[in-house]
Amino acid sequence: MTDYLQTQLRAVLDDLGGVPDDFDVALEEPANEEHGDLAANTALRLGSLLDDNPRSIAETIAERLRDRVDPHRIKSVEVAGPGFINFRFAQDYLFDGLAELLAQGDTFGRTDAHTGETANVEYVSANPTGPLTVGHGRNAVLGDTIATLLEWTGYDITREYYFNNAGRQMRVLGQSVRARYEALVGEDVPTKTLTVDDEEVEVPASFPEDGYLGTYILDIAEQLYEEEGASLLTTESLAPFRQAAEEAIFADIEATLDRLNIEMDGYANEQDLHDGGTVQKILDGLTEAGLTYEENGALWFKTTEFGREKDRVLVKQSGEPTYRTPDIAYHTTKFERDFGLMIDVFGADHHAAYPDVLDALDVLGYDTDRVEVILYQFVTLVRGDEPVKMSTRRANYVTLDDLIDEVGADVTRFFFLMRSADTHLNFDLELAQEASDKNPVFYLQYAHARICSIIDKAEEVGFSPDADVDLSLLTHEAELDLIKELLDFPQVLRSAAEARAPHFVPNYLEDVATTFSQFYDHCRIIGEDNDLATARMHLALATKTVLKNGLTVLGLSAPRNM
RNA sequence: GCGCUCGUAGCUCAGUCGGACAGAGCAUCGGUUUCCGGUACCGAAGGCCGGGGGUUCGAAUCCUCCCGAGCGCACCA
C-alpha cells in the first residue's frame with residue numbers, strides 16, 4: 001500500500017511540476033488513528049520549496065489524488081492540521097490483504113525487495129580459547145537474526161564464523177593445557193601462585209602467567225592423558241596440546257550454538273589465510289601502495305594518512321602478524337567471493353579496531369561501502385536488583401550454556417533480541433525464568449498456544465479452515481484493527497532488515513498479541529452465526545500465522561500448548 | 001585528553017525519514033469472569049525526552065556546548 005500511494009503521489013507531483021525528482025515522498029503511520037491509516041507530510045515539506053501555503057498545496061494534491069486513487073484500496077483522502085494528507089484504507093483492501101495472508105501461510109512476511117542479491121553475515125567469531133560467554137550470545141543471536149531477516153527480504157545469505165587460530169592466544173592456550181597435563185602425569189610437580197583479581201590461585205610452575213584458568217582446560221588435559229597416556233611428555237611441540245584444545249573447545253561452541261538454533265554455513269580461520277598466501281598478498285599490496293614502513297623491527301601501516309590518530313602495526317617485532325592483518329586478508333576473501341553486502345557483528349569493545357581494516361581494504365581497491373559493521377553494547381546479568389558478578393579472567397562467569405540451562409533457548413534468544421543493539425542490555429534472570437505475563441516471551445507464546453487451542457476447539461464443533469469464507473463480515477472495530485496490524489508484518493520485517501534492527505520484530509509481535517487479545521475479548525467465535533464464526537476463525541488463523549512466522553524469524557519455537 | 005554508544009514515566013525500554021496532544025511492558029491504584037485457555041481484558045495515575053544555546057513552519061529526533069554512564073584509545077583479539 002505504501003508503495004502504491006507513493007507512486008500515486010509522485011505522479012501528482014509530476015503533474016504539478018516544480019518538484020525535484022529526488023524529493024522524498026514519505027508516508028508514515030500516524031500515531032493517532034484519527035489521522036487515518038497512512039499520512040503524507042509532502043505538502044508541509046513543499047511549503048518552503050514552492051514558497052506557498054502548505055495547507056493549499058495539500059488541498060490541490062488531495063483533490064487530484066481523489067480522482068486517480070482506486071476506491072477499492074483507498075476510502076478517503078483528507079487534508080488535516082497544518083497540511084497533512086491523511087489516507088484511510090477501504091475495507092476491501094483489508095479483506096483482500098487478509099485473504100492473501102491466509103493464502104501465503106508460512107511464507108507471509110517474505111518480500112522480494114532484495115531478491116538476487118547476496119550477503120555475507122559474519123558473527124560469533126569467538127576464538128576457541130574457552131566456552132562462549134553471555135556476550136558472545138548476544139553477538140550470535142543478533143547476527144543470526146539479522147541474517148534471517150535479510151533472507152526474508154530476498155537476500156541469498158552466507159552465515160560465517162571467523163576465528164584466529166594462529167597467534168599468541170592459541171599458543172597460551174596450548175601452554176595452559178600442557179602445564180595441566182604435565183601436572184596430571186608427573187608426580188610432585190612444582191607449583192606456583194598466581195594472583196588474579198585479588199585472589200590467589202595455585203597452578204603448576206610451567207603454567208603461563210596469562211594462561212587460561214577455566215576448569216575446561218583440566219578436562220582437556222585429562223582427555224589427552226586418557227588417550228595418549230604419558231607419551232606427550234617427551235614432545236617438544238605444543239601442537240598436540242593446542243590442537244586438542246581447539247578441537248574440544250570448538251565442539252563445545254558448536255554444541256552451544258546448536259542449542260540456540262544457530263547453524264553456520266561456513267567457518268574461516270586465520271591459519272588458512274597464512275597457508276594460502278592471502279596474508280602475504282595484502283602485506284605486499286599495502287607495501288606497493290607505499291603505505292607501510294619498518295620501525296623497531298615491526299612493520300607499520302600508515303593509518304595516519306587516513307586521518308587516524310596513530311599508525312598501526314601489521315607485523316610485530318616477533319614476526320607474527322597482529323590480528324588486523326589476517327582480518328584484512330579475510331575480508332578480501334569475502335570480496336573475492338563477490339558478496340554484494342558484508343555485515344560484521346562486533347562487540348562495542350571492537351569499535352576502534354575496524355576502521356584500519358576498512359582503510360586497508362580501500363587501499364587495496366575494494367568497495368568498502370559494501371561492508372557494514374554492527375556494534376552491540378555489553379550485557380549485564382542481573383537477578384532481580386542484584387548484578388551477577390563475573391570474572392572472565394578466571395573463567396568464573398556464567399557461560400552462555402549456563403544461561404541456556406537456566407532460562408531456556410527461546411528466552412535467551414528473545415531477551416537478546418528485544419532491545420536495540422546499541423543499548424546496554426540488562427538481562428534479568430529472575431524475570432527471564434518467570435512464566436507469567438511479566439515475561440514478554442511467555443505472553444507471545446501463550447497467545448500462539450491459545451489460538452491453536454481455539455482453532456482446535458472450533459474444528460471439533462465442525463468448523464473447517466478450508467471452508468468458503470466471507471471475510472467482509474469482519475466489520476467490528478477490533479476485527480479491523482487486528483487485520484491492519486497483521487498486514488503490517490511484511491513491512492515490519494523489511495524495515496527491521498534494512499535497519500539491521502531485529503528488535504522491531506519482538507516489539508511488533510507484542511502489539512499483535514495484544515491486539516488479538518482485544519479482538520478475542522470483544523468477539524466470540526464459537527456460538528456465533530456460522531458464517532461470522534468461520535470468518536473469525538480465519539482471522540484467528542491469520543494471527544497464528546503472523547505470530548508463528550514472527551517467532552520463526554526470531555529463531556524461537558511457537559508452541560501449540562504450554 | 002581523544003573517539004564510539006547511551007541518557008525518554010518509579011523500573012526495563014520503544015520512538016527507522018525532523019511532524020499533528022511523547023508510547024509500551026512491569027510496578028502502583030481501581031474495575032471486568034454464567035463465555036472458545038482470565039497466564040486475559042478495561043481504566044486511572046505517572047514525563048521540562050539529562051541541562052543550556054541554535055537550525056526549522058515544526059526538534060526526543062539535526063548542530064553546538066556542558067553534565068552523567070558504559071566501552072575503547074596495544075607489537076591482545
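Worth saying up front: this structure is predicted, and the values here are computed from it rather than measured. First the proteins, then the strands, lettered A, B, ... as listed; each starts at 1. Excluded from the calculations below are hydrogen atoms, water molecules and symmetry mates; all remaining heavy atoms, backbone and side chain alike, are included.
- Distance noted for atom P between A69(B) and U8(B): 14 Å (whole Å).
- Spacing of P atoms, G51(B) relative to A22(B), comes out at 15 Å, to the nearest Å.
- When heavy atoms are screened at a 4.0 angstrom cut-off, Gln169(A) is found touching the sugar-phosphate backbone but no base atom.
- Between the His136(A) side chain and the Thr133(A) main chain, a donor and an acceptor come within less than 3.5 Å of each other.
- Counting atom types as modelled, Asn86(A) pairs a side-chain N or O with a base atom of A20(B) as donor and acceptor under 3.5 Å.
- The side chain of Lys457(A) places an N or O atom within less than 4.0 Å of a non-bridging phosphate oxygen (OP1 or OP2) of G37(B).
- Looking at Asn41(A), its side chain comes within 3.5 Å of the base of G19(B) through a donor and an acceptor atom.
- For His351(A) against G3(B), a side-chain-to-base donor-acceptor contact under 3.5 Å is present.
- When the C1' atom of C62(B) is taken as reference, atom CZ of Arg45(A) falls 14 Å away, rounded to whole Å.
- Between Gln518(A) and Phe442(A), the one whose closest nucleotide on RNA chain B sits nearer the 5' end is Phe442(A).
- Aromatic stacking is not marked for Tyr443(A) over U39(B), as the cut-offs of 5.5 Å for the centres and 30° for the planes do not both hold.
- Under the 3.5 Å distance criterion, the side-chain polar atoms of Thr278(A) are left unmatched by any main-chain donor or acceptor of His274(A).
- With C73(B), A77(B), A14(B) as the candidates, the nucleotide lying closest to the side chain of Lys310(A) is C73(B).
- Heavy atoms of Asp327(A) sit nowhere under 4.0 angstrom from any nucleic acid atom.
- If you check every strand for non-hydrogen atoms under 4.0 Å, Arg168(A) touches sugar and phosphate atoms only.
- Contact annotation for Ala39(A): base contact, defined as any heavy-atom pair under 4.0 Å involving a base atom.
- The listed nucleotides are A77(B), U5(B), A20(B); the one nearest the side chain of Gln377(A) is U5(B).
- Side-chain nitrogen and oxygen atoms of Ser517(A) include none within less than 4.0 Å of the OP1 or OP2 phosphate oxygen of A40(B).
- A tilted orientation is assigned to the rings of Tyr267(A) and Tyr161(A), their planes being inclined by 30° to 60°.
- Between Gln433(A) atom CD and U39(B) atom C1' the separation is 17 Å, expressed in whole Å.
- Between Leu509(A) atom CG and G25(B) atom C1' the separation is 15 Å, expressed in whole Å.
- When atom types are taken as modelled, the side chain of Thr423(A) and the backbone of Ser420(A) share no donor-acceptor pair closer than 3.5 angstrom.
- A ring-centre distance under 6.0 Å is not found for Tyr443(A) and Tyr446(A).
- Atom CG in Asp349(A) sits about 20 Å away from atom P in A69(B), given to the nearest Å.
- Comparing the C1' positions of G25(B) and G19(B) gives a spacing of 26 Å, expressed to the nearest Å.
- Note on Glu320(A): nothing from the nucleic acid sits closer than 4.0 angstrom, heavy atoms only.
- Between A9(B) and C48(B), the two P atoms lie 9 Å apart (nearest whole Å).
- Classification of Arg171(A) and Glu320(A) as a salt-bridged pair holds, one side-chain N sitting under 4.0 Å from a carboxylate O.
- Nearest nucleotide to the side chain of Thr423(A), out of G15(B), C13(B), C75(B): C13(B).
- For A74(B), neither phosphate oxygen OP1 nor OP2 lies less than 4.0 angstrom from any side-chain nitrogen or oxygen of Lys316(A).
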